[in-house]
Amino acid sequence: MATDTLKGSAGAGSASGLRRLLLDNGALTALIVLVIALSALSGDFLTTDNLLNIGVQAAVTAILAFGVTFVIVSAGIDLSVGSVAALSATVLAWSATQDGVPVVLAVLLAIATGIACGLVNGFLVSYGKLPSFIATLAMLSVARGLSLVISQGSPIPFPDSVSHLGDTLGGWLPVPVLVMIAIWLLTAFVLRRTYIGRSMYAIGGNEEAARLSGLRVKKQKLAIYAFSGLFAAIAGIVLASRLSSAQPQAAQGYELDAIAAVVIGGASLAGGTGKASGTLIGALILAVLRNGLNLLSVSAFWQQVVIGVVIALAVLLDTVRRKAGATPVAAGTGGGNRGKQAVTYLLAAVVAAAIVGATSLLHSGSSSTTKKVGLSLSTLNNPFFVQIRSGAEAEAKKLGVDLTVTDAQNDASQQANQLQNFTSEGVSSIIVNPVDSDAAGPAVRSANKADIPVIGVDRGVNKAQTAALVASDNVEGGELGAKALAEKLGGQGTIVILQGQAGTSASRERGAGFAEGLKDYPGIKVVAKQPADFDRTKGLDVMTNLLQAHPDVDGVFAENDEMALGAIKALGSKAGKSVQVVGFDGTPDGLTAVDNGTLFASVAQQPKELGRIAVDNALRAADGEKLSQLVKVPVKVVTKENVAGFGG
């Protein structure tokens with residue numbers, strides 16, 4: 001009986017130990033499960049190239065997250081890191097290329113910019129008594145605005161000497177991964193071995209107690225936010241190096257990914273707990289999820305749902321762990337605990353390798369004769385690009401092609417990741433609608449090295465080889481729009497222009513074409529130009545504001561139909577009567593407005609035809625056929641007179 005009781009206690013102790021092990025290493029457990037599951041589901045996941053891709057794709061988020069770890073451990077929050085990253089990269093590129101500053105000095109200036117932003121955040125929190133949420137939210141807006149002011153909304157080419165940070169060593173080891181590892185080790189050292197690291201835990205655990213214990217809390221917070229700004233600057237430089245250009249709109253939303261990585265890694269938003277290795281694992285989980293979901297052709301919209309669920313589960317796990325009494329990760333954990341942790345990581349790696357090796361056998365010998373084509377669109381939050389996808393999918397189905405469509409969400413870095421995933425997956429060919437023509441170059445060059453033909457659609461790719469560009473002429477379309485609007489106004493009047501998203505080639509080209517077309521009509525005066533980001537709601541808001549200053553405007557040119565439809569809503573009964581509006585793209589809603597008479601004209605690009613021809617050319621390129629470098633799809637001004645006969 002005593003023996004039975006002893007055995008039962010031992011069994012219970014083992015179960016309790018396993019439970020505690022899983023609770024204390026929840027992020028690591030989740031990462032292992034993800035790797036095993038994705039290895040079983042996709043034969044393209046567990047390859048050297050793809051695993052290196054995951055490392056590269058995790059690098060920027062991880063570096064940002066390491067800086068955010070300092071802030072969260074001290075019970076703060078930093079929402080500005082994405083904008084600070086973009087600003088730092090823009091300062092580097094602008095100073096090195098526009099102002100003739102030596103590259104080394106430009107790099108130091110970029111890093112100083114990040115530190116300065118962090119110090120401002122720290123000052124507002126420590127001495128201004130602002131909540132960290134409000135202070136860093138303000139910096140998010142200020143830094144992004146300064147980035148746009150400095151760059152004038154256009155990407156700036158990155159110096160070649162710095163762009164090597166986005167390259168590989170020995171042709172296979174990515175430099176961003178090495179930078180990520182170096183920052184991880186630095187973060188771990190600061191948290192574990194330095195006075196300021198111990199201060200972070202003390203402040204996060206109980207700020208008042210820390211102050212009464214003699215800590216200079218205000219000065220420590222200055223240093224903490226300065227660290228966050230420093231790491232944001234480094235992340236911005238690495239990101240711009242990957243894209244070969246500083247994008248003023250880069251890293252939008254990355255602050256949320258960084259915070260998610262820290263929380264997934266086991267840190268508490270209440271402060272006082274967190275570790276560098278957990279943050280790294282959290283960043284890897286996000287990268288593995290996105291990479292795997294791309295390989296499995298999961299919709300970008302569903303990917304957002306999955307990421308949100310993972311973040312919620314991570315916070316729930318943190319709550320369960322604290323209620324269960326799991327060991328908190330704080331300063332001063334003993335060497336014995338670290339030794340056990342190292343053994344845990346080693347065992348986890350061995351178990352994962354064994355299971356992954358077994359699951360990989362599921363894919364051995366499997367092959368398919370169906371050609372696979374990857375299509376990366378700049379956004380699917382716009383009817384024009386939705387129609388490109390529709391035309392591409394219809395043609396792919398007709399030709400028996402396996403088409404995978406991804407949504408870059410107007411993020412050049414995310415698109416680079418998607419293109420790298422296509423390359424490592426070994427698709428037959430790639431179709432890309434670049435967020436930015438320069439930023440897509442490095443990823444397309446990687447596809448070139450892998451002998452995968454690339455087709456550009458709607459926008460070209462700079463500094464890389466494409467088998468063909470299927471596009472209508474945005475510049476010509478802008479000129480046609482100017483002519484149509486000016487002639488409708490009889491060559492006289494005042495107009496406003498609603499511009500697209502700053503930095504995009506479509507906005508630049510359409511705007512340049514419209515300006516060129518207006519030169520033939522000196523009686524037309526442009527009284528205002530404002531960006532509305534290709535968005536209908538923003539078009540409504542911006543047009544409403546412009547009407548306050550220019551109530552007697554005679555015409556509106558919007559660089560896409562969505563903004564034009566927003567402008568029509570703002571104009572109300574004036575639209576199509578006293579005020580003429582011209583849009584761009586020929587979307588279904590735009591053509592309906594043309595037919596109703598509220599939109600005078602739309603410069604139609606026939607997006608479904610763009611998608612259809614792009615897939616057809618991608619298949620021909622995969623078969624080794626020689627293609628025309630430029631495949632033109634006619635642009636047409638659609639008015640009420642010819643809208644009925646327009647096929648779209």
Side-chain angles (χ1 to χ4, degrees), residues 141 144-145 148 152-153 249 379 381-385 410 474 477-478 480-490 492-504 506-515 517-518 521 524-605 637-640:
S141 181
R144 184 68 65 185
L148 289 165
Q152 294 298 302
Q249 297 283 13
T379 180
N381 191 29
N382 184 307
F384 176 76
F385 299 107
N410 279 322
N474 278 318
L480 291 175
K483 180 180 179 181
L485 181 58
E487 291 186 351
K488 179 65 175 177
L489 297 178
Q492 299 288 329
T494 58
I495 63 172
V496 299
I497 298 174
L498 298 182
Q499 300 168 308
Q501 188 170 28
T504 58
S507 180
R508 294 197 303 270
E509 291 167 4
R510 293 174 186 185
F514 188 81
L518 276 189
Y521 302 92
I524 301 292
K525 303 298 181 184
V526 178
V527 294
K529 285 194 256 185
Q530 287 293 322
D533 298 342
F534 293 130
D535 182 80
R536 188 182 303 197
T537 302
K538 290 184 180 179
L540 167 61
D541 292 341
V542 171
M543 191 67 216
T544 300
N545 294 338
L546 291 178
L547 285 173
Q548 302 304 309
H550 308 284
D552 298 324
V553 70
D554 300 304
V556 178
F557 174 67
E559 291 177 358
N560 80 337
D561 283 346
E562 285 296 288
M563 295 187 295
L565 292 168
I568 287 170
K569 190 72 174 175
L571 289 165
S573 60
K574 292 182 178 180
K577 296 177 181 176
S578 60
V579 182
Q580 304 301 323
V581 183
V582 173
F584 208 115
D585 284 343
T587 63
D589 283 353
L591 296 179
T592 299
V594 170
D595 192 37
N596 293 336
T598 53
L599 184 65
F600 167 63
S602 178
V603 182
Q605 292 195 84
V637 177
V638 181
T639 62
K640 193 173 180 64

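Side-chain atoms of Glu559 and Phe584, non-hydrogen and from C-beta on, never get closer than 4.5 Å to each other. Side-chain contact check for Asn560 versus Arg510: some heavy-atom pair is nearer than 4.5 Å. In this structure, Asp533 and Asn410 have side chains that are not in contact, with every pair of non-hydrogen atoms separated by 4.5 Å or more. At least one side-chain heavy atom of Gln605 sits less than 4.5 Å from a side-chain heavy atom of Asn474. Using a 4.5 Å cut-off on side-chain heavy atoms (C-beta onward), Leu599 and Ile568 make contact. Two residues are said to be in side-chain contact when any heavy atoms from C-beta on lie closer than 4.5 Å; Asn545 and Gln530 fail this criterion.
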Q: Start with the C-alpha distance between Gln249 and Arg144, add both sets of side-chain angles, then the distance that settles side chain to side chain contact (heavy atoms under 4.5 Å, CB included), and finish with yes or no.
A: CA-CA 7 Å; Gln249 297 283 13; Arg144 184 68 65 185; 4.0 Å; yes
Q. Can Leu546 and Val556 be said to form a side chain to side chain contact (heavy atoms under 4.5 Å, CB included), step by step?
A. CA-CA 11 Å; Leu546 291 178; Val556 178; over 6 Å; no
Q: Start with the C-alpha gap between Val637 and Lys483, add the side-chain angles, then the distance that decides, and say whether side chain to side chain contact (heavy atoms under 4.5 Å, CB included) holds.
A: CA-CA 10 Å; Val637 177; Lys483 180 180 179 181; over 6 Å; no
**Q.** Pair Glu562-Phe534, side chain to side chain contact (heavy atoms under 4.5 Å, CB included): steps then yes or no
**A.** CA-CA 6 Å; Glu562 285 296 288; Phe534 293 130; 5.9 Å; no
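Ring planes of Phe557 and Phe514: parallel class, angle under 30° (limits at 30 and 60°).
When Val527, Ile524, Val526 are each tested for a side-chain contact (heavy atoms from CB on, under 4.5 Å) with Thr494, only one passes: Val527.
Note: Lys569 NZ to Thr537 OG1 = 11.0 Å, rounded to the nearest 0.5 Å. Met543 contributes atom CE, which lies 9.0 Å from atom NE2 of His550 (distance to the nearest 0.5 angstrom). In this structure, the separation between OG on Ser578 and CG on Leu571 is 7.5 Å, given to the nearest 0.5 Å.
Atom CG of Asn381 is surrounded by 12 or fewer heavy atoms from other residues, nucleotides or ligands within 6.0 Å.
When atom types are taken as modelled, the side chain of Asn596 and the backbone of Thr598 share no donor-acceptor pair closer than 3.5 angstrom. Between the side chain of Asp561 and the backbone N or O of Thr587 there is at least one donor-acceptor pair closer than 3.5 Å. In this structure, Lys640 contributes its side chain and Val594 its backbone to no donor-acceptor pair below 3.5 Å.
For Ala532, the side-chain contact (heavy atoms from CB on, under 4.5 Å) partners two or more places apart in sequence, or in a different chain, are Lys538, Val542, Met563. In this structure, Gln492 has no side-chain contact (heavy atoms from CB on, under 4.5 Å) partners at least two apart in sequence or on a different chain.
In terms of heavy-atom proximity, Ala558 sits nearest to Ala564 at CB-N, 3.5 Å. Closest approach of Ser507 to Gly500, counting heavy atoms only: OG-N, 3.3 Å. The minimum heavy-atom distance linking Leu565 with Ala593 is given by the pair CD2-CB, 3.7 Å. Across all non-hydrogen atoms, the minimal contact from Ala482 to Leu518 is CB-N, 3.9 Å.
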